[in-house]
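Working notes, structure below.
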Amino acid sequence: MPLVAHNALPTFERLRRDGQNILESDRALQQDIRELHIGLLNMMPDTALTATERQFFRLIGQSNQIAQFYVHPFSLDGLQRSPETMAYIKRYYESFNEIKTQGLDALIITGANVAGADLSQEPFWQPLKEVVDWATTQVTSTVCSCLATHAVMQFRYNQQRRPLGFKRWGVYPHRVVARYHPLVSNVNTLFDVPHSRFNEITRAQFEAVGCHVLAESAMAGVHLAVSDDGLRLIMLQGHPEYDTISLLKEYKREIRRFISSDRDNYPPFPDHIFSVKIKAILTEYRERVEYCLIHRQTPPEFPEARIAAGLDNTWQDTAEGVMDNWMGLIYRVTHSDRRIPFMDGVDPLNPLGLSFK
Ligand SMILES: CC(C)(COP(=O)(O)OP(=O)(O)OC[C@H]1O[C@@H](n2cnc3c(N)ncnc32)[C@H](O)[C@@H]1OP(=O)(O)O)[C@@H](O)C(=O)NCCC(=O)NCCSC(=O)CCC(=O)O
Ligand SMILES: N[C@@H](CCO)C(=O)O
């Protein structure tokens, strides 16, 4: 929630220059107070569908304890789904048509698990494009996560993601590199974010099409970039929404795939999540698995609970801070009618009135 500059205290002007969200008192008096409506386009595979729902609902809900948020989940045709998941979506999710009719203030598009190299050959490509085309004219701001960022960079900006040749997998330190931007101006300048991907879009690719990089990692590359207008598209390559145990679940899945011969080699550790003690437990577990496979015995159960108890979460506070900033910025410029993206007087080409540095 913004500070109201209710008198001439110079601190207000100084804070504003530092990127703080400050409302003039006459503007505060006439602000139309209402709830915010956020769409969640969930493209995650069945196994991660409800976990992803929980992660984004939690991030939104914990970002601000005063504002009221309505989150509207929906999905797309063309994603591989079991009959059970299809029934779940039919029962609990809304349709894109309902969402379009009611309007949204904000939209979050999750990542997805995709095997093919060329995204434009995926069956969800056209429906996703339709959602993004609608959102970029009708929704105040859209967050794209991971694969959604790659897809949007391809169909809106003609920038293809590139295979890394390995999996960028773990929790990495990032720095805020655009401290003028109110999305990141007040969060820790150094913070962690999990990554889990085989592909990347580089800083040079974002900048070549006028996007602004706000946070990046020396090891993991760009995490957070925004479209040239500063707000319309927020593009993430990391997963700030991940649970403490999400990468552990992925690691366990890869071991499962190794045991069932769906992958050739035993998976490496994800970077920077396991302590020395946990690595020792996991190394011993690996030796037992390999022994069992050689001797045609059933491998032992993965010691998940024991490992999970020793994991730390070093990214959630900053993720909530950025989410709170996003909600506040949207609130400031969105129209009181949620079908209209901007209030009168807001410039859609630079809705936050930023002077980009
Ligand atoms: C790793 C798995 C397979 C784990 O799922 P499983 O069903 O096997 O889990 P499980 O061990 O049987 O445990 C089930 C319990 O764990 C919960 N659970 C499942 N996945 C979870 C997760 N990721 N984080 C937190 N909790 C999770 C379930 O809700 C359930 O809880 P309850 O029992 O309490 O209900 C899944 O999470 C998954 O598919 N993750 C992959 C996500 C993904 O594909 N990301 C790609 C996006 S990255 C991208 O966009 C690609 C870009 C690129 O390629 O470059
Ligand atoms: N942007 C509106 C709030 C949403 O209705 C205002 O500042 O009055």
Side-chain angles (χ1 to χ4, degrees), residues 1-2 4 21 23-24 26-37 42-56 58 67-68 79-80 82 85 103 105-106 109-117 119 122 124 140 144-153 160-169 194-201 220-221 235-239 241-257 262 267 270 301-302 304-305 307-308 311 313 327-346 351:
M1 295 283 110
V4 177
N21 191 3
L23 271 192
E24 292 304 333
D26 53 346
R27 178 73 195 87
L29 284 174
Q30 44 134 329
Q31 199 174 31
D32 184 61
I33 304 293
R34 71 157 166 87
E35 76 290 353
L36 281 179
H37 291 268
N42 195 348
M43 302 201 297
M44 279 297 209
D46 289 4
T47 43
L49 188 87
T50 55
T52 304
E53 249 173 56
R54 285 197 300 276
Q55 289 162 4
F56 281 109
R58 183 184 59 208
Q68 294 179 356
L79 293 164
Q80 226 185 5
S82 67
T85 304
D105 298 299
I109 308 179
T110 72
N113 207 355
V114 162
L119 288 178
E122 296 294 331
F124 61 77
T140 312
C144 299
S145 167
C146 202
L147 179 125
T149 291
H150 297 169
V152 166
M153 283 300 284
Q160 295 249 7
R161 66 184 190 159
R162 290 170 199 163
L164 287 162
F166 61 93
K167 185 161 189 176
R168 169 62 61 210
W169 200 28
H195 286 256
S196 179
R197 60 191 157 81
F198 292 100
N199 298 278
E200 76 165 348
I201 304 248
M235 291 170 282
L236 309 177
Q237 290 201 98
H239 287 281
E241 78 285 2
Y242 265 19
D243 282 301
T244 313
I245 56 162
S246 297
L247 289 170
L248 176 63
K249 291 270 182 206
E250 295 180 14
Y251 178 69
K252 186 181 86 170
R253 172 194 59 194
E254 293 308 308
I255 296 173
R256 215 159 49 210
R257 292 182 60 228
D262 288 334
E301 190 122 335
F302 184 74
E304 183 172 343
I307 307 291
L311 294 181
N313 186 314
M327 293 298 161
L329 294 171
I330 289 170
Y331 198 78
R332 208 169 75 185
V333 296
T334 194
H335 199 279
S336 58
D337 177 345
R338 76 191 220 222
R339 290 165 305 179
I340 306 174
F342 296 117
M343 294 189 301
D344 298 342
V346 171

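Indexing begins at 1, ligand by ligand and atom by atom, following the structure's order. On a predicted model such as this, the values are computed, not experimentally measured, just so you know.
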What does the contact table look like for ligand 2 (nitrogen or oxygen on each side, cut-off under 3.5 Å)?
unit_1, atom_1, unit_2, atom_2, d
ligand 2, 1 (N), Y331, O, 2.7
ligand 2, 1 (N), T334, O, 2.6
ligand 2, 5 (O), D32, O, 3.1
ligand 2, 5 (O), D32, OD2, 3.4
ligand 2, 7 (O), R27, NH2, 2.4
ligand 2, 7 (O), Q31, NE2, 3.0
ligand 2, 8 (O), R27, NH2, 3.4
ligand 2, 8 (O), D32, N, 2.8

Pair E200 + R168, salt bridge at N-O below 4.0 Å: no
Salt bridge present between E304 and K249 (N-O < 4.0 angstrom): yes
Minimum-distance pair of heavy atoms, taken over all atoms of L79 and F124: CD2-CD2, 3.6 Å
Main-chain N/O of I245 paired to D243 side chain as donor or acceptor, under 3.5 Å: no
Distance-only side-chain donor-acceptor flag, T110 / Q55, under 3.5 Å: no
Exercise: identify the closest heavy-atom pair between D32 and S336: OD2-CB, 2.9 Å
Shortest non-hydrogen contact from H335 toward D105: O-OD1, 4.5 Å
Pick out the protein N or O atoms lying less than 3.5 Å from any N or O of ligand 1, and list each pair with its distance.
unit_1, atom_1, unit_2, atom_2, d
ligand 1, 8 (O), R256, NH2, 3.0
ligand 1, 11 (O), K249, NZ, 3.0
ligand 1, 11 (O), K252, NZ, 2.5
ligand 1, 13 (O), K249, NZ, 2.9
ligand 1, 16 (O), K249, NZ, 3.2
ligand 1, 24 (N), Q55, NE2, 3.3
ligand 1, 24 (N), S246, OG, 2.8
ligand 1, 29 (O), R54, NH2, 3.0
ligand 1, 39 (O), T47, OG1, 2.7
ligand 1, 44 (O), N113, ND2, 3.2
ligand 1, 50 (O), A112, N, 3.4
ligand 1, 50 (O), A112, O, 3.2
ligand 1, 50 (O), L147, N, 3.0
ligand 1, 54 (O), N199, ND2, 3.3
ligand 1, 55 (O), F198, N, 3.2
ligand 1, 55 (O), N199, N, 3.0
ligand 1, 55 (O), N199, ND2, 3.1

Euclidean distance, H150 NE2 relative to S145 OG, rounded to 0.5 Å: 9.5 Å
Test item: R161 and M153 side chains (from C-beta on) under 4.5 Å apart, heavy atoms: no
